Colleague: 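Mind looking over this structure? Questions follow.
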Number of protein chains: 2
Amino acid sequence: MPAKRYGIGALSRDTGCNIETIRYYERIGLLPEPPRSAGGHRSYAVEGANRLSFIVRSRELGFSVPDIRELLTLVDSGITCEEVKTITLTHLDAIRARINDLRRLETVLQSAAADCEGGDAPECPIIDVLFGHSEAAPQVKAQIETQG
Amino acid sequence: MPAKRYGIGALSRDTGCNIETIRYYERIGLLPEPPRSAGGHRSYAVEGANRLSFIVRSRELGFSVPDIRELLTLVDSGITCEEVKTITLTHLDAIRARINDLRRLETVLQSAAADCEGGDAPECPIIDVLFGHSEAAPQVKAQIETQG
DNA sequence: GATACAACCTGTGGCCACTACAGATTCAAG
DNA sequence: CTTGAATCTGTAGTGGCCACAGGTTGTATC
């Protein structure tokens, strides 16, 4: 009995990955071109579903397409754990840097918003912060300056 | 004596905003079209520099272009502090949500990397995580190798 | 075998917020 | 008047997709 095969729609449902995105991954070489039916429809085996799940999960964890390309190359060629770890740690650094950036933003905006009383006031501390010449919120301004 | 005027290059240096980006902001309507010299070069007054600084700073604080468009509309129309605050708090929520997402990623990747001993091991805990079911690593790995 | 209709095909263009050219023109200094 | 920097317009590319349009194929039912 022949192995089970998936149309692109079934693959999409199984992996939660948009059909257009599956074709996109194929186009950019993350997914190999699958065999086609007589009429040209893509026909996937279970390996295709696994590979796509890997890609989807990696994207969810924030790996870029070039990263994933590299990870897949390693997987295909029997894995050197070392290299996988390197990619992961680099990615982890980027995530941490991003978190720090966002935390700085959070601080600045939070304190600006705290200074703002809302209502119809003719002056707005938040706007002052955005203009960068705030006298109403000098400490906030100082924080922005060191923002980078 | 006539008020001081800036060419686009001077504006770029003063605000730290790329020349192409300045023209882009004009094209999408964040910056008004400035007067031109006889030969067609843009000529900015100090208000233009202020407005651009506002945009640049808002972008640095993570506001989207539509957000900034709205903030500028409020500024132009004499500000309702309330609305500015609403936009800011919404943005703050988005930033916090993003921070939480990233922290989750950080946790997952960090623990996967901690399980990985590096070296030439034939198994990699990180890869297992990316496949989404860590307990069944070897078979899955075999399955991905060849797609039919 | 005919028909209906879902699934699928390719190709193209849009999204965000820019950035990077190419090739023509203008400005300012000497 | 010449030179070279600055600026002009227009187009295309980035990443990671999504959304069509308009045509073809697969499959279930009559």
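Within every chain, numbering begins at 1; the chains are lettered A, B, ... in the order of the sequence lines, protein sequences first and strands thereafter. Worth saying up front: this structure is predicted, and the values here are computed from it rather than measured.
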Colleague: Are OP1 or OP2 of D/dC17 and a side-chain N or O of A/Arg59 less than 4.0 angstrom apart?
Modeller: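 Affirmative; the distance criterion is met.
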Colleague: Quick one: on DNA chain C, does B/Ser37 or B/Glu20 contact a more 5' nucleotide (nearest heavy atom)?
Modeller: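 Going by which nucleotide is closer to the 5' end, it is B/Glu20.
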Colleague: Using whole Å, report how far CD of A/Glu60 lies from P of D/dC17.
Modeller: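 It is 11 Å, rounded to the nearest whole Å.
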Colleague: Please state how far atom CD1 in B/Ile8 lies from atom P in C/dA28, giving the value in whole angstrom units.
Modeller: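 Atom-to-atom, B/Ile8 to C/dA28, this comes out as 15 Å.
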Colleague: For A/Arg42 and C/dC9, is the shortest distance between a side-chain N/O and OP1 or OP2 below 4.0 Å?
Modeller: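 So the side-chain polar atoms of A/Arg42 do come within 4.0 Å of the phosphate oxygens OP1 or OP2 of C/dC9, strictly under.
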Colleague: Indicate, with a heavy-atom threshold strictly under 4.0 Å, whether A/Tyr25 touches base, sugar-phosphate, or nothing.
Modeller: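 Here A/Tyr25 touches the backbone only, sparing every base.
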Colleague: Does any N or O in the side chain of B/Arg59 come within less than 3.5 Å of the main-chain N or O of B/Phe63, such that one atom is a donor and the other an acceptor?
Modeller: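 Side chain of B/Arg59 to backbone of B/Phe63: a pair is present.
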Colleague: Using a heavy-atom cut-off of under 4.0 Å over every strand shown, decide if B/Arg23 touches base, sugar-phosphate, or nothing.
Modeller: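 Base contact.
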Colleague: Without decimals, in angstroms, what is the distance between B/Tyr6 OH and D/dA6 P?
Modeller: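 Taking OH of B/Tyr6 and P of D/dA6, I get 18 Å after rounding.
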Colleague: Taking only the side-chain heavy atoms of B/Tyr24 (C-beta and beyond), determine which of C/dC8, C/dA20, C/dC18 contains the nearest atom.
Modeller: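 Nucleotide nearest to B/Tyr24's side chain: C/dC18.
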Colleague: In plain terms, say whether A/Glu26 and A/Arg42 are close enough for a salt bridge, that is, a side-chain N and a carboxylate O under 4.0 Å apart.
Modeller: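 Answer for the salt bridge query: yes.
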Colleague: So which one's nearest nucleotide on DNA chain D is more toward 5', A/Gly40 or A/Ile19?
Modeller: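 The answer here is A/Ile19.
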Colleague: What is the distance, to the nearest angstrom, from the CZ atom on B/Arg13 to the P atom on D/dA6?
Modeller: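 After rounding, the gap between these two atoms is 7 Å.
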Colleague: Using a strict 4.0 Å threshold on nitrogen-to-oxygen distance, state whether A/Arg51 and A/Asp76 make a salt bridge.
Modeller: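 Salt bridge present between A/Arg51 and A/Asp76.
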Colleague: What's the CZ-P distance between A/Arg5 and D/dT27, to the nearest Å?
Modeller: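 Taking atom P of D/dT27 as the reference, CZ of A/Arg5 is at 14 Å.
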Colleague: Nearest whole angstrom, please: distance from the P of D/dC17 to the CG of A/Leu31.
Modeller: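 Nearest whole value for this atom pair: 11 Å.
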Colleague: Which value, rounded to the nearest 0.5 Å, describes the distance between A/Thr73 atom OG1 and A/Glu70 atom CD?
Modeller: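 The CD atom of A/Glu70 is 7.0 Å from OG1 of A/Thr73, to the nearest 0.5 Å.
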Colleague: Let me know the distance between CG of A/Asn18 and P of D/dG15, rounded to the nearest Å.
Modeller: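 Going from A/Asn18 (CG) to D/dG15 (P), I get 20 Å.
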Colleague: C/dT10, OP1 or OP2 - any side-chain N/O from A/Arg36 closer than 4.0 Å?
Modeller: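 For C/dT10, OP1 or OP2 has a side-chain N or O of A/Arg36 closer than 4.0 Å.
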Colleague: What's the closest nucleotide to the side chain of B/Arg27 if the choices are C/dT19, C/dA17, C/dC9?
Modeller: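 Ranking C/dT19, C/dA17, C/dC9 by closest atom to the B/Arg27 side chain puts C/dT19 first.
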Colleague: Taking B/Arg5 for the side chain and B/Ser43 for the main chain, is one N or O donor matched with an acceptor at less than 3.5 Å?
Modeller: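 Checking the backbone N and O of B/Ser43 against the side chain of B/Arg5, a donor-acceptor pair under 3.5 Å is found.
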Colleague: Without decimals, in angstroms, what is the distance between B/Ile22 CD1 and D/dA6 P?
Modeller: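 About 14 Å, once rounded to whole Å.
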Colleague: Which listed nucleotide (C/dA17, D/dC8, D/dG26) is nearest to the side chain of A/His41?
Modeller: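 Between C/dA17, D/dC8, D/dG26, the one nearest the side chain of A/His41 would be D/dG26.
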Colleague: Between D/dG16, C/dA17, D/dT7, which nucleotide has the shortest distance from any of its atoms to the side chain of B/Pro66?
Modeller: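 The listed nucleotide nearest to B/Pro66's side chain is C/dA17.
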